[in-house]
Amino acid sequence: MRKRTAILLAIVLVLLACVIGTYCAFGMYYTTHFLKNTSINGIDVSGLTASEAEELLAAEVEAYRLVVTGREEEQETVLGTDFDYCFVSNGETEALLMEQSAFAWIFACFSDGTSYSMDTSVTYDAEKLTAAVMEFSMMQTDQMVAPENAYVTQLEDGSYGIVAETEGTQLDTEKVLAAVETAVESGKKSLNLEMAECYVAADVTSADESLIEAVSLYNQYASMYINYYMSGDVVVTLDSSAFMDWFSLDEENNPSFDYASVAAWVEELADTYDTIGTCEPFVTSNGETVYVEAVTYGWKMDRESETEELYSLLLAGQTEGRSPVWTNSALTRGTNDVGDTYVEIDYTNQRMWYYKDGELLVETPVVTGNVSAGNASPEGMFYIVYKKQDAILTGETYETPVSYWMPFYGNVGIHDADSWRNTYGGTIYMTSGSHGCINTPTAQAQTIFENIEDGTPVICYSSSTDYGYGTASSGTSYVTNSSSGSSSGSDSGDDNIIIYDGSSSDSSGTSSSYTDTTGGGSTETNRIDDDDDSTSSDGTSTGEAEFEITISDETVWSDSSSSGSASEEEDGVIIIE
């Protein structure tokens with residue numbers, strides 16, 4: 001029994017010794033060989049010595065190829081042989097071998113093993129590598145598309161939005177070469193240039209805060225407009241369809257407008273609506289259409305000031321309404337801007353009319369500037385600058401007091417002249433006219449003065465037609481009944497009325513006759529034409545009167561003798577209008 005036990009024990013010891021010996025033998029083996037399931041840089045080196053593993057690594061290096069992929073999935077390949085890519089042993093493999101636990105070989109047999117990532121020492125020709133990379137098709141300049149920045153654009157509905165950036169295919173050469181070099185040195189077999197951030201990026205993207213702010217500003221300005229109230233019902237609107245072409249933002253999103261474009265728009269506006277300096281149509285009291293230059297009466301914009309004002313309004317970015325800055329303005333806007341309150345002076349016919357609110361208040365003969373002396377009165381559209389009572393008019397050779405002074409152009413104006421003149425109209429102005437002013441019968445000058453306002457337009461022109469008004473006297477005239485043999489004191493109709501000019505109470509002076517056709521003393525107003533006067537057998541003139549008269553029930557008649565005389569107390573009195 002003891003003998004059998006001893007034998008068995010001996011056998012066990014022998015077997016144990018064998019196992020231990022075998023285990024130790026394998027442990028010794030793996031001190032110089034890599035364990036099972038061991039890889040370096042993906043190469044299986046199980047059971048290989050360091051030198052044998054290096055041979056495999058060298059072979060792997062010699063077969064090296066790098067696949068480079070671009071943004072649009074285009075690929076280029078560079079071979080190790082193209083740039084003399086070689087493995088160099090610097091003891092890295094031996095170091096890895098020494099790191100492993102040789103006597104843990106049995107566990108390595110039944111595990112997933114160990115994978116080493118080793119920075120393989122290699123050599124290569126950098127210049128050849130660069131040359132190879134530069135030969136890539138994607139590296140050719142003519143094959144690259146530069147990126148485009150995101151930007152603001154106007155949309156179809158008139159608002160503004162952001163157009164996103166375009167990536168393009170432009171590569172940064174330095175970044176590409178650096179990425180390839182890093183891949184080669186680390187033994188990588190593939191390189192994605194987009195992931196390596198080798199592409200030139202747009203400077204401005206759609207997420208850029210400054211760009212988002214710019215869109216907001218563009219939309220703010222695009223929604224604004226400025227209404228110009230040109231007087232009357234004329235409104236001119238300046239909106240974004242015009243001024244957004246002048247608009248821009250600087251790098252800090254400060255708005256600005258092209259000043260020259262603003263000024264050009266104001267110039268165009270002024271050219272359209274200014275009337276000073278233009279010849280405007282005017283329908284005269286005689287129905288004739290004349291064209292009169294707007295000299296001082298009319299509209300004229302202060303273009304420089306208005307440009308400054310408009311530029312400031314545009315910068316403010318707010319919808320506004322405004323009236324332009326005018327250096328001259330009229331009472332109305334429309335055809336000739338005159339309206340229905342104005343003074344009209346016809347130099348050809350030496351006639352003046354004053355209308356107020358469409359009603360004719362005064363029609364009178366006048367005497368204007370002396371043509372032969374070079375003092376012709378100015379033609380054009382003017383306006384009453386001011387009015388003054390009891391003024392003294394002075395010149396180089398005169399100092400004249402007047403009761404009613406209404407200047408409309410420099411020293412030229414409308415004023416009374418009865419203190420030195422008793423006849424108006426006709427051709428007096430040709431040789432014996434004024435220094436340029438409008439000499440007016442005092443009564444008519446007073447009526448105008450008492451009803452006219454500063455700024456009232458004065459239209460002065462020379463008619464193309466002489467309507468034959470002739471001359472007339474100012475002041476009080478005497479009326480007599482010239483019916484042959486009649487001495488009745490009433491207006492019986494179809495009577496000849498003798499009108500004596502001047503202020504004397506007798507029948508001296510020139511006279512004209514007017515035929516009463518009212519038949520019973522009703523009112524009638526008419527004009528006379530002294531140019532057609534004929535002389536009757538008693539020496540009186542029988543033409544039409546050169547002024548307006550009113551025949552009424554209150555008119556007093558007296559019989560005139562064949563010589564045309566009449567008694568003072570029986571004379572009827574009228575005022576020449």
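Because the structure is predicted, anything quoted here is derived from the model rather than measured. We number each residue from 1, following the sequence as shown.
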### Task
Would you please test Tyr424 and Asp418 for side-chain contact (heavy atoms from CB on, under 4.5 Å) and show each step?
CA-CA 10 Å; Tyr424 298 86; Asp418 281 2; 2.7 Å; yes
### Query
Stepwise, does the ring-ring contact (aromatic ring centres under 6.0 Å, His included) test hold for Tyr259 with Tyr311?
CA-CA 7 Å; Tyr259 195 86; Tyr311 188 81; 5.3 Å; yes
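A donor-acceptor pair is defined here as one N or O able to donate and one able to accept, closer than 3.5 Å; such a pair exists between the side chain of Trp299 and the backbone of Thr332. Between the side chain of Asn219 and the backbone N or O of Tyr160 there is at least one donor-acceptor pair closer than 3.5 Å. Counting only distance, with no hydrogens or angles, the side chain of Ser216 and the backbone of Ile212 share no donor-acceptor pair below 3.5 Å. Between the side chain of Tyr347 and the backbone N or O of Pro378, at least one donor-acceptor pair lies under 3.5 Å. In terms of modelled atom types and a separation under 3.5 Å, the side chain of Ser223 and the main chain of Gln220 share a donor-acceptor contact. A donor-acceptor pair under 3.5 Å links the side-chain atoms of Arg333 to the main chain of Met230, judged by distance alone.
Evaluated for a side-chain contact (heavy atoms from CB on, under 4.5 Å) with Met301, the options Thr272, Ile276, Leu269 yield exactly one hit, Leu269. Of the candidates Thr427, Thr368, Thr471, Thr368 is the only one forming a side-chain hydrogen bond (donor to acceptor under 3.5 Å, both in side chains) with Gln350.
Look at Lys387 and Glu450 and you find no salt bridge, because none of the NZ, NE, NH1 or NH2 atoms lies under 4.0 Å from a carboxylate O. Using a 4.0 Å cut-off between a side-chain N of Lys or Arg and a carboxylate O of Asp or Glu, Asp271 and Arg303 qualify as a salt bridge.
Centroid-to-centroid, the aromatic rings of Tyr273 and Trp326 stay 6.0 Å apart or farther. Checked against the 6.0 Å centroid criterion, the rings of Phe408 and Tyr383 do not qualify as a close aromatic pair.
Glu399 is listed as a side-chain neighbour of Ile392, based on a closest heavy-atom distance under 4.5 Å. Side-chain contact check for Glu280 versus Thr278: some heavy-atom pair is nearer than 4.5 Å. Leu314 is listed as a side-chain neighbour of Met224, based on a closest heavy-atom distance under 4.5 Å.
In this structure, a donor-acceptor pair under 3.5 Å is absent between the side chains of Asn149 and Glu165.
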